[in-house]
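Report on the following structure.
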Amino acid sequence: MTLDELRTAIEELERDLRERLEAVDGDAALEALRVDFLGRKGRVARLFKNLGQLDTSLRREAGRLLNALKETATEAVSQKEAEARRGRLEERLAAERIDMSLPGVHTSFGHLHPLTVVQREIESIFMKMGFSVASGPEIETEYYNFDALNIPVEHPARADWDTFYIDETTLLRPHTSPVQIRVMEQTEPPVRVICPGRCYRRDTQDATHSPVFHQIELLWVEEGLSLANLKYVLELFTQEFFGEGYTMLFSGDYFPFTEPSVQVHIKAPDADDWLEIMGAGMVDPAVLEAVGYDTETYTGFAFGLGIERMAMLKYGIEDIRVFLTNDLRFIRQF
Ligand code: PHE
């Protein structure tokens, strides 16, 4: 073979390679093409075999030409391979593309129940006045629910609070007052506490009664407290909770655990009617004595209010049942 013949062969190979690279389709075809030209027994390798037949003086130049061919061919094939890789990547990216212009899926996070909102609001008003929050069991013993609150077995007032008995001596509590006994047993005076929680009564459900409801009990025991202090605390509370301009009225009432006992009424600035908001009174000395407090030194007052009632008055809700039916059209308004 002459050098010219070799040059022609090289040119022909290069042209072939270019044409086939141009037309090649798919990874397998490209790999086959690579083996065909650059494999151990491929067309480039076969041209190298001709070196041996060439005149020694020409081998140097022929070697240079063949090496250059090998280099360009390798370069051309790997360029094509890189192109194919890029193509595949682009295809994948296009397939996995996320359409950011679609509107998102709206999730609603929910919020606190109106009764919880009102309970927390009342708690925070009294916490600012220096009261702490205590809680007690909803299944209560007769002792805490009645006896310790100065309601002995034969007392007719028991009937008012006789509710759902679990067994002979335990019942679902009808009020949060037993918590004040539990707190006083654990604490030396002064005591300044509020006790929120769920209560149960033998009431038939109607617009203003519910066998399950919530109360907040307040208890303050310290030296020198009188009804005047109670009235002041309630005035502060009313102002914070309902707003300015309310007037307050105490009327006489009866609770076995307070003496004297009062019913507290308030009237909105532009209203004609008085609204009952809670029962209250000076803690009966018998109650303080039962927990070992020195009744010569200490006096105290307490009240119990219904959380549902507070919420109904504040938001103008007319039926207590809406708190329990979980109708979202109601709940979502808070
Ligand atoms: N425990 C009483 C009730 O449930 C309310 C109350 C509490 C009255 C504290 C006076 C003092 O009706």
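Keep in mind that what you see is a predicted model, and the values were worked out from it rather than measured. All residue numbers refer to positions in the sequence shown, counting from 1. Whatever order the structure lists ligands and atoms in, that order sets their numbers, starting from 1.
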| request: Evaluate the criterion ring-ring contact (aromatic ring centres under 6.0 Å, His included) for residue pair Phe257 and His175; output intermediate values, then yes/no. | output: CA-CA 12 Å; Phe257 32 89; His175 54 178; 5.8 Å; yes
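Residues satisfying the salt bridge (Lys or Arg N to Asp or Glu O under 4.0 Å) criterion with Asp273, sequence neighbours excluded, are absent altogether.
Each side chain to side chain donor-acceptor pair (under 3.5 Å) pair with one or both residues in residues 97-120, not counting sequence neighbours, appears once here: Asp99-Ser101, Gln119-Glu123. Residue pairs meeting the side chain to side chain donor-acceptor pair (under 3.5 Å) criterion with at least one member in residues 67-95, sequence neighbours excluded, are Asp27-Arg88, Arg92-Glu96.
A donor-acceptor contact shorter than 3.5 Å links the side chain of Asn150 to the backbone of Pro256.
With ring centers used as reference points, Tyr315 lies under 6.0 Å from Phe334.
Closer than 4.0 angstrom to ligand 1 by heavy atom are Trp161, His175, Ser177, Arg201, Gln215, Glu217, Phe255, Phe257, Thr258, Gly279, Ala280, Ala302, Phe303, Gly304, sorted by chain and number.
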